[in-house]
Amino acid sequence: MDYKKLADLLFKDYDLTYENCLKTFPDRSLPKGAEVVRIAPSPTGYLHIGSVYGAFIDKLIAYHSGGIFYMRLEDTDSKREVENAGDIAYDMLSTFGLKPDEGYTGDGKAQKGSYGDYVQSRRKKYYIAFAKHLVSIGRAYPCFCKSLDGIDEIKKRRQEEIEKTCDIEEKDKCRNLTFEQIEENLKRGMSFAIRLKSMGDENKVFKFYDEIKGEREIRENTKDIVLLKSDFTPPYALAHVVDDTLMHTTIVVRGEEWYSSLASHLEIFKALGLNPPKYAHTPVVCKMDENGNKRKLSKRKDPEADARFFIEQGYPIDSVMEYLLNLINSDYEDWRKVNPDKSYYDFPFKVSKIGSNNPIFDFQKLNDFSKQVISRFTAEQIFSSVKDWAETYDKQFFDKIKDKKDFCVKLFSIDRVNVKNVRKDISRWGEVYSLYDYMFDNLNLKTLPDYEFDSGLDKNLTIKFLQEYKTLYSSSDEKDTWFDKIRNLCPKFNFASNMKDYKKSPDSFAGSIADASSIIRVAITTRKNSPDLYYIMNLLGQDEIISRIDKTIDLLSR
RNA sequence: GGUCCCGUGGUCAAGCGGUUAAGACAUCGCCCUUUCACGGCGGUAACAUGGGUUCGAAUCCCGUCGGGAUCACCA
């Protein structure tokens, strides 16, 4: 068959040639070793935390090699497209500190760089030119079959084929159509897709090097995959080959779910006589489900799959990034310990150090990273971060703190400023209120039905202790005086006034100075856990302290 | 079902033929201490399984089991 003639017949309205495409986008003149990487999200609603993970790897590669990190919007599936999703993705990337150097820049039309357009729906001519070239060299052909309609139909058919115990092969009927048959179909106005004419042998393998997985053997591709849908937009495979060729991507970082279609991508490159980029197939971030099984983070079931979740929860960006970086290169935390003040971009990251196990997202570990990140914040930084967060995610809390900067800074300085070891109690801004509510509410908590005073001690003893202590407390006392008053009160209630005595013979005491402190703490803060009590009481002021003690006595006396 | 990927403590993980099998989170205990916390010290806890190869296997090979991915005119 005269393939050249076939190509012209099929694409008579399209003049752009494959050769011209290549000429239009010459090599980037970059220093040796500089990598060109890309993040290519599809605009389907929100940015997956896995994309942040992948984009971070991209950014790290570009940063360490002095290369370029660009963003391309993969919007060829108009059915799934969600409005503004591209902008959302760009904004999210930016808030995570992963702003691309080149490409899509957010507000629809705007782009940066000379290898565009960076939106696939506007690159149709290139895909067609490549497909046409493939037809003209006999490596692609038109397919007139009707496509399956929707995911349900596909699943149904797959189930049928599985039951028949046979592999689903796209040995296409249209592969051997004659020129005349094709011409006839065209005359009848039939629409067609373009398929790759695969030349692979399913019994043959070839060697392949993956930057993460290392050296592998891959089975040759035998699938006549679709290169151009009947509306002449490309599915992922062709779009990937065309765009990453024309934009001169040097290393493709993508999730492991792509690994099984790799052979078909490589066959397209080969058919075109092109060198493929390097590939790094990353593990997929998973979670433990109810049955104790690992599974990919899913958009439907798992709120944490959405990158916005972490912002809503009030995790500092750095906390998320450091946690992710530790997943990427697990020796990160050791490095961080030795380099507490450096930027994580200084960490000697290596693609080859990425493990190939799918990690389970561990919130405890994230929280630990986050506590450490926040422990490096100043009191002012904590205040402004909490305020900014609350303004959009917790309006009520925002109203409580917005005009109380001095108060808050003092509060966040307790156990944080001028101390040897910084208190690490906050892991995200969203929990600040629940940790410190007693500082912002005028303690009507004790009148709430579900509030129960619990110092772990006898009620009457507690009441008597508080009655006595109330008469002694003065907010003008120095810390030593304040403490001595509590200590001096101890013998009267048979509390040990130091822990050593108490430990020697706990049975001979009703409690210890620790219990005495605990009574006061719970009365003031309603909980057994708070920063340095002296400063807390001081901040609250004489009247509030007396009032809270009164309320507690009242409550306990009922 | 076919193909591919992956199995080291509860979780993340070092390990690359000879290790007392690191470290971190979590957990437990002790110390410090006016509580909680922070910090320090220590403990519990792992090579999925069965066969090989080898003087020697977590490490190499094969089988089994378990988990995951993929098999669209979706990305």
Side-chain angles (χ1 to χ4, degrees), chain A residues 40-44 74-77 79-80 143 145-151 153-155 157-159 161-170 191-195 202 213 216 218-219 223 225-231 233-237 239-240 254-263 281 283-284 286 288 293-296 323 326-327 330-331 333-334 337 355-369 375 415 419-425 455 482-483 486-487 490 497-499 512-522 525 527-534:
Chain A
S42 55
T44 50
E74 311 228 319
D75 62 341
T76 54
D77 186 11
K79 283 177 226 139
R80 294 208 311 166
C143 168
C145 300
K146 193 181 171 295
S147 65
L148 292 175
D149 191 23
I151 185 73
E153 198 169 318
I154 289 156
K155 279 184 180 159
R157 192 189 63 169
R158 186 169 308 158
Q159 198 51 43
E161 310 235 0
I162 286 168
E163 277 159 19
K164 275 188 279 168
T165 351
C166 67
D167 196 3
I168 299 158
E169 277 290 328
E170 298 292 343
S191 65
F192 61 91
I194 298 293
R195 285 184 185 274
E202 60 181 343
K213 294 166 173 296
R216 297 283 141 154
I218 292 186
R219 203 166 290 277
K223 286 187 162 57
I225 57 168
V226 171
L227 262 18
L228 233 40
K229 307 179 208 174
S230 45
D231 64 357
T233 62
Y236 175 87
H240 154 53
R254 51 158 47 163
E256 203 189 14
E257 66 267 25
W258 291 109
Y259 191 70
S260 36
S261 50
L262 177 63
H281 289 93
V284 179
C286 292
M288 197 68 91
N293 292 329
K294 246 188 198 187
R295 62 140 214 268
K296 200 170 151 183
Y323 173 67
N326 197 240
L327 243 34
S330 69
D331 55 338
E333 57 188 328
D334 297 332
K337 206 180 279 175
S356 42
N357 259 336
N358 296 341
I360 291 176
F361 200 98
D362 182 352
F363 275 95
Q364 283 183 324
K365 189 76 176 175
L366 202 219
N367 288 342
D368 180 65
F369 266 104
S375 75
D415 289 346
V419 290
K420 205 169 143 210
N421 296 307
V422 175
R423 185 180 189 86
K424 291 174 182 158
D425 56 348
S455 68
W482 168 83
F483 175 58
I486 299 172
R487 195 199 292 278
C490 283
S497 49
N498 70 64
M499 293 308 284
S512 69
I513 191 161
D515 294 310
S517 302
S518 192
I519 292 173
I520 301 170
R521 165 172 280 109
V522 179
T525 68
R527 64 200 67 207
K528 288 178 163 180
N529 176 331
S530 82
D532 194 310
L533 231 204
Y534 171 74

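As the structure is a prediction and not an experimental result, all values here were calculated from the model. To find a chain, count down the sequence lines: A is the first, B the second, and so on, and within it residues start at 1.
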Let's see if you can work this out: which of [options] has an atom nearest to the side-chain heavy atoms of [X]?
X        : options             : value
A/Ser330 : B/A75, B/A26, B/A13 : B/A13
A/Tyr259 : B/C38, B/C71, B/C4  : B/C4
A/Asp362 : B/U11, B/C12, B/C5  : B/U11
A/Gln364 : B/C74, B/C25, B/G39 : B/C25
A/Lys337 : B/C5, B/A24, B/U34  : B/A24
A/Arg216 : B/C6, B/A14, B/U34  : B/C6
A/Arg219 : B/A13, B/C73, B/U3  : B/U3
A/Ser230 : B/C73, B/U34, B/A24 : B/C73
A/Thr76  : B/A75, B/C38, B/U34 : B/A75
A/Ile360 : B/A75, B/C38, B/C12 : B/C12

May I have the step-by-step check of salt bridge (Lys or Arg N to Asp or Glu O under 4.0 Å) for A/Arg423 and A/Asp425, ending in yes or no?
-> CA-CA 6 Å; A/Arg423 185 180 189 86; A/Asp425 56 348; 3.0 Å; yes
Residue among A/Arg254, A/Lys213, A/Glu256 satisfying side chain to side chain donor-acceptor pair (under 3.5 Å) with A/His281 |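 Option passing the side chain to side chain donor-acceptor pair (under 3.5 Å) with A/His281: A/Arg254.
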Starting from [atom2] on [N], measure out to [atom1] on [X] and report it in whole angstrom.
X        : N     : atom1 : atom2 : value
A/Met288 : B/G68 : CE    : P     : 11 Å
A/Tyr236 : B/C73 : OH    : P     : 17 Å
A/Asp368 : B/A24 : CG    : P     : 11 Å
A/Asn358 : B/U11 : CG    : P     : 14 Å
A/Ile225 : B/C71 : CD1   : C1'   : 13 Å
A/Trp258 : B/A72 : CH2   : C1'   : 11 Å
A/Asn357 : B/G15 : CG    : P     : 13 Å
A/Glu202 : B/G2  : CD    : C1'   : 10 Å

RNA chain B: stems of at least 3 consecutive Watson-Crick or G-U pairs, cut-off 3.5 Å?
->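 If one scans RNA chain B for consecutive Watson-Crick or G-U pairs, the stems found are B:1-7 with B:65-71, B:10-12 with B:23-25, B:27-31 with B:39-43, B:48-52 with B:60-64.
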Determine the interplanar angle of the A/Tyr323 and A/Phe369 rings, folded into 0 to 90°, and report it as parallel if under 30°, tilted if 30 to 60°, perpendicular if over 60°.
-> perpendicular
Quick one: sort the A/Phe361 and A/Phe363 rings into parallel, tilted or perpendicular, breaks at 30° and 60°.
-> tilted
Integer angstrom distance from the [atom1] of [N] to that of [M]:
N     : M     : atom1 : result
B/U59 : B/U3  : P     : 25 Å
B/G67 : B/A21 : C1'   : 24 Å
B/A24 : B/G18 : C1'   : 27 Å
B/C55 : B/G68 : C1'   : 39 Å
B/U11 : B/U49 : P     : 15 Å
B/C62 : B/U53 : P     : 15 Å

Could you grab the distance from atom OG of A/Ser375 to atom CG of A/Asp415, nearest 0.5 Å is fine?
-> 13.0 Å
Look at A/Lys229 and B/C74 and indicate whether a side-chain polar atom (N or O) is within less than 4.0 Å of OP1 or OP2.
->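 Answer is yes, contact under 4.0 Å.
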Decide yes or no, distance alone: a donor-acceptor N/O pair under 3.5 angstrom between the base of B/U34 and the side-chain of A/Ser517.
->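 It does, because a donor-acceptor pair links the side chain of A/Ser517 to the base of B/U34 below 3.5 Å.
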May I ask you to say what A/Ile513 touches in the nucleic acid, namely base, sugar-phosphate or nothing, with a heavy-atom cut-off under 4.0 Å?
->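 Contact class for A/Ile513: sugar-phosphate only.
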A/Ser530 or A/Lys296: which one's nearest nucleotide on RNA chain B is closer to the 5' end?
->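 Here A/Ser530 is the residue nearer the 5' end.
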